[in-house]
Amino acid sequence: DGVQRLAAFLGRHRQVLVLTGAGLSTASGIPDYRDRDGARRGAAPIQGPDFRRHAAVRKRYWARSMVGWPLLEQARPNAGHHALAELESDGAIASLITQNVDGLHQRAGSVSLTELHGNIHAVVCLDCHAQFPRAFVQTQLERANPAPAGTGALPAPDGDAQLEPGALDDFNVPDCIYCAGTLKPDVVFFGDGVPADRTARALAQIERADALLVVGSSLAVFSGFRFCRMAAASGKPIAAVNLGWTRADDLLELKLAAGAEDVLPMLARVMRAH
Ligand code: OAD
Ligand code: ZN
């Protein structure tokens, strides 16, 4: 069956690089961005240049993030994250690149990991570059805004959430405690490039790899799709575990349209038995 074929795929290649996306974390209660046909759901994504330029955009971001954070903070790695950490320590996969910002691979114990789009648990000051834990900024947000701004429904990986009408009117955005500068979550927004050192690290991973396994990503965003393009261009085979459509469907040697949280633990068991 599918798991056996995937196990054979891993067995054939010495250095398998795994590229993960939001679909891996849906079983941890964090919704993904696109439906099975690849259509984007939810609010329009924040644009990085707008975040930097407009206080109103930052206000909207932090108001939604304050509401969505508790749900994001309590998310735990699922069986898929744990299986990937096991496959790495067993030597069945070489390393991981994730587009997710939820930090769940780290918590599951993956070691050779590039968080391409950053990590939502960190906040940086755009002016003095100080770093803060997101949990600390949450206490600041709550102190500055004692009345709840929304329902906490529909969190997304960037801490997005539904707001009550008028919630933004007197919402207070905390500044950097050192320099009163602008705080930004340490994640890559649309319109902002991935930092150069991180891109270089990911490119080195793809160069070392001799096969690629995509898990839970539509690859609709070029930042992830480019790794498939590069693998395909150098003749490296690509497999995917993904419920819906992916932009790389016609580049795949093998595709399992199944839940990552179901398939990956079975895969880890089969690999161990070999
Ligand atoms: P998407 O939401 O685009 O894709 C998630 C994919 O996972 C979809 O194709 C789903 O069908 C599939 N899926 C959902 N649940 C699954 C499960 N349990 N098992 C297997 N597959 C499942 O998410 P990404 O491709 O990660 O960027 O999105 C890429 C980037 O777009 C994100 O990193 C973010 C976003 O805008 C930035 O924030 C810069
Ligand atoms: Zn500062």
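In each ligand, atom 1 is the first atom listed, and ligand 1 is the first ligand listed.
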*If you have a sec, read the angle at the Zn ion (ligand 2) from Cys176 atom SG over to Cys125 atom SG, to 10 degrees.*
110°

If we ignore angles and hydrogens, is there a donor and acceptor under 3.5 Å between the side chains of [X] and [Y]?
X: Gln99; Y: Ser223; value: no
X: Arg134; Y: Gln138; value: yes
X: Asn78; Y: Ser28; value: yes
X: Arg36; Y: Ser218; value: no

For [atom], what is the nearest protein heavy atom, given as residue, atom name and distance?
atom: atom 4 (O) of ligand 1; value: Ser218 N, 3.1 Å
atom: atom 11 (O) of ligand 1; value: Gly244 N, 3.0 Å
atom: atom 21 (N) of ligand 1; value: Leu243 N, 3.1 Å
atom: atom 30 (C) of ligand 1; value: Val221 CG2, 3.6 Å
atom: atom 19 (N) of ligand 1; value: Ala260 N, 2.9 Å
atom: atom 17 (C) of ligand 1; value: Gly23 O, 3.2 Å
atom: atom 33 (O) of ligand 1; value: His117 ND1, 2.9 Å
atom: atom 29 (C) of ligand 1; value: Gln99 OE1, 3.5 Å

For the side chain of [X] and the backbone of [Y], is there at least one donor-acceptor N/O pair under 3.5 Å apart?
X: Asp210; Y: His13; answer: no
X: Asn242; Y: Ser217; answer: yes
X: Asp37; Y: Ala39; answer: no
X: Thr98; Y: Asn100; answer: yes

*Determine the interplanar angle of the His105 and His81 rings, folded into 0 to 90°, and report it as parallel if under 30°, tilted if 30 to 60°, perpendicular if over 60°.*
perpendicular

*Mutual orientation of the aromatic rings belonging to Phe222 and Phe225 [parallel < 30°, tilted 30-60°, perpendicular > 60°]*: perpendicular

As an exercise, identify every atom of ligand 1 less than 4.0 angstrom from a heavy atom of [X].
X: Phe190; result: 36 (O)
X: Trp245; result: 9 (O)
X: Arg40; result: 36 (O)
X: Ala258; result: 19 (N), 20 (C)
X: Leu219; result: 25 (O)

*Can you tell which of Leu84, Leu10, Val241 makes a side-chain contact (heavy atoms from CB on, under 4.5 Å) with Val18?*
Leu84

Identify which of [options] has a heavy atom lying nearest to [atom].
atom: atom 25 (O) of ligand 1; options: Ser217, Gly216, Gly21; result: Ser217
atom: atom 26 (O) of ligand 1; options: Ala22, Ser25, Ser28; result: Ala22
atom: atom 6 (C) of ligand 1; options: Thr98, Val263, Asn242, Leu256; result: Asn242
atom: atom 10 (C) of ligand 1; options: Asn100, Asp32, Val241; result: Asp32
atom: atom 38 (O) of ligand 1; options: Val188, Asp262, Thr26; result: Val188

*Determine whether the aromatic ring centres of Tyr178 and Phe132 lie less than 6.0 Å apart.*
yes

*Is the Zn ion (ligand 2) less than 2.8 Å from an N/O/S atom of Cys179, whether that atom is in the backbone or a side chain?*
yes

